[in-house]
Amino acid sequence: MNTLKKLCYLSAAILLSASFVSCSSDDNEIVIEQQTPSQVLASTPWETTGAKDKNGATVALTDANVAGYVGFAYFKADGNFAIYSLTDVLRSRGTWSVDAQGKTRTIAALNPDGTTIFKRDVEILVLNRNEFTYRIRPNAADQSIYYDIIHTRTPHAEPKNGQLTLASTPWKTTGAKNNSGSDVALDNASVAGYVGYSYFKANGTFKIFGLNDVLRSQGTWTISPDGKTRTLVALDASGNVLFTRTVEILVLNENTFTYRITPDAAQPTVFYDIIHTKDSHKEPQ
């Protein structure tokens, strides 16, 4: 009799359990939703952790054939992406998409003014919550040559020192103030050399034009890891250094970029704050 009772209780429990799982009106029902390929790619940061050639042999991440694809990648749910080197230096930014079947990922790398630098489609080999691997074919004329770039899920946080913000829009000089907080005319000799349209590109290069669209300087730029200073290295056409300038960043957000210049290091109390505003001005060609 005890055995029979136990069997009855067990059968009842199974029936109740089955009823609970199938009841769509129950607020406590557990629903497992299948993620789309795009949702999977956007679900985590990715770190490049390996590469293989067409023979399956391991390729060093410093190898010239794959080095340009190495870094930390952030594919955001709003359709934008940012890729940084393994040393947290911004390498590219723009828009991304994955086809519904999860077989192709497309990125469009963008300039600060929104124009396209390049578009790239890659074949997806693996895409799940832990691994993202795609195939690149460097030589369009010889499709037999390829490399598989392997990325692994990572908790690495996206750098927040302002690199992406600075590279995401053109900037126009719209004001200047002296150390007393008074407005300084932009044609004043103390600030005129800092006035113009600036384009800080995600690949670490910059161009600054006068408000008349005449090129004033070009070269490379960086922001310190703590986001407190910006450094320019101006180069001539042959790549020779013309000057290096580091300025203190006072404000850097989506709409305003303000830095401080101190013309004479021996007189730190004499300074000027150069104010830039987000702009849509296309980079002169």
Side-chain angles (χ1 to χ4, degrees), residues 45 71-72 74 80 82-93 110-113 156-184 186 188-211 215-236 239-279 281 283:
F72 293 109
Y74 302 84
N80 292 301
I83 296 176
Y84 299 77
S85 71
L86 295 179
T87 56
D88 283 344
V89 175
L90 184 64
R91 297 190 64 162
S92 63
R93 56 162 289 271
L110 302 178
N111 283 308
D113 62 4
H156 190 82
E158 182 177 0
K160 299 296 184 183
N161 63 341
Q163 298 176 85
L164 183 59
T165 301
L166 198 63
S168 294
T169 184
W171 298 97
K172 179 182 180 181
T173 314
T174 52
K177 293 182 179 296
N178 62 21
N179 49 282
S180 299
S182 300
D183 290 332
V184 178
L186 295 183
N188 184 292
S190 297
V191 302
Y194 303 89
V195 176
Y197 293 108
S198 301
Y199 303 84
F200 299 99
K201 304 182 182 184
N203 63 3
T205 65
F206 79 89
K207 286 188 177 182
I208 296 176
F209 297 80
L211 296 179
L215 182 65
R216 299 191 63 162
S217 62
Q218 61 183 333
T220 63
W221 69 275
T222 57
I223 290 182
S224 60
D226 60 9
K228 293 183 178 180
T229 60
R230 185 219 61 192
T231 298
L232 298 185
V233 178
L235 306 173
D236 66 16
N240 300 308
V241 176
L242 298 174
F243 65 83
T244 298
R245 178 184 298 142
T246 298
V247 296
E248 176 187 0
I249 296 173
L250 303 180
V251 180
L252 179 53
N253 58 42
E254 291 183 353
N255 297 303
T256 305
F257 169 43
T258 300
Y259 61 77
R260 177 164 293 172
I261 60 169
T262 305
D264 186 352
Q267 299 184 59
T269 59
V270 178
F271 56 78
Y272 299 90
D273 296 340
I274 312 299
I275 304 164
H276 301 77
T277 303
K278 178 178 182 177
D279 202 86
H281 192 78
E283 181 181 345

Does [X] reach the side chain of [Y], with side-chain heavy atoms less than 4.5 Å apart?
| X | Y | result |
| --- | --- | --- |
| K278 | T256 | no |
| N161 | D88 | no |
| Y199 | H281 | yes |
| Y259 | D273 | no |
| Y74 | H156 | yes |
| F72 | E158 | no |
| R93 | N80 | no |
| I274 | V191 | yes |

Nearest heavy-atom pair of [X] and [Y]: which atoms, and what distance?
| X | Y | answer |
| --- | --- | --- |
| Q218 | L215 | NE2-CD2, 3.9 Å |
| P170 | P112 | CD-O, 3.2 Å |
| S190 | Y272 | OG-OH, 3.3 Å |
| P159 | Q163 | CB-NE2, 4.1 Å |
| I208 | F206 | CG1-CD1, 3.8 Å |
| G227 | I223 | CA-CG2, 3.7 Å |

Main-chain N/O of [Y] paired to [X] side chain as donor or acceptor, under 3.5 Å:
| X | Y | result |
| --- | --- | --- |
| S168 | L164 | yes |
| R216 | V195 | yes |
| W171 | L166 | yes |

Query raised in the report: Given D183 and K177, is the side chain to side chain contact (heavy atoms under 4.5 Å, CB included) satisfied, shown in steps?
Result: CA-CA 4 Å; D183 290 332; K177 293 182 179 296; 2.6 Å; yes
Query raised in the report: Looking at W221 versus F200, is the centre-to-centre ring distance below 6.0 Å?
Result: yes
Requested in this report: Please check if any side-chain donor atom of S85 sits under 3.5 Å from a side-chain acceptor atom of T87, or the reverse.
Outcome: yes
Query - Side-chain H-bond candidate by donor/acceptor type, T246 with T229, under 3.5 Å - result: no
Query raised in the report: Of I275, T277, L211, which is the lone residue that meets side chain to side chain contact (heavy atoms under 4.5 Å, CB included) with K172?
Result: L211
Enter the distance from [X]:[atom1] to [Y]:[atom2] here, rounded to the nearest 0.5 Å.
| X | Y | atom1 | atom2 | answer |
| --- | --- | --- | --- | --- |
| L252 | N255 | CG | CG | 11.0 Å |
| R245 | T231 | CZ | OG1 | 11.0 Å |
| E283 | S198 | CD | OG | 10.5 Å |
| S217 | L242 | OG | CG | 9.0 Å |

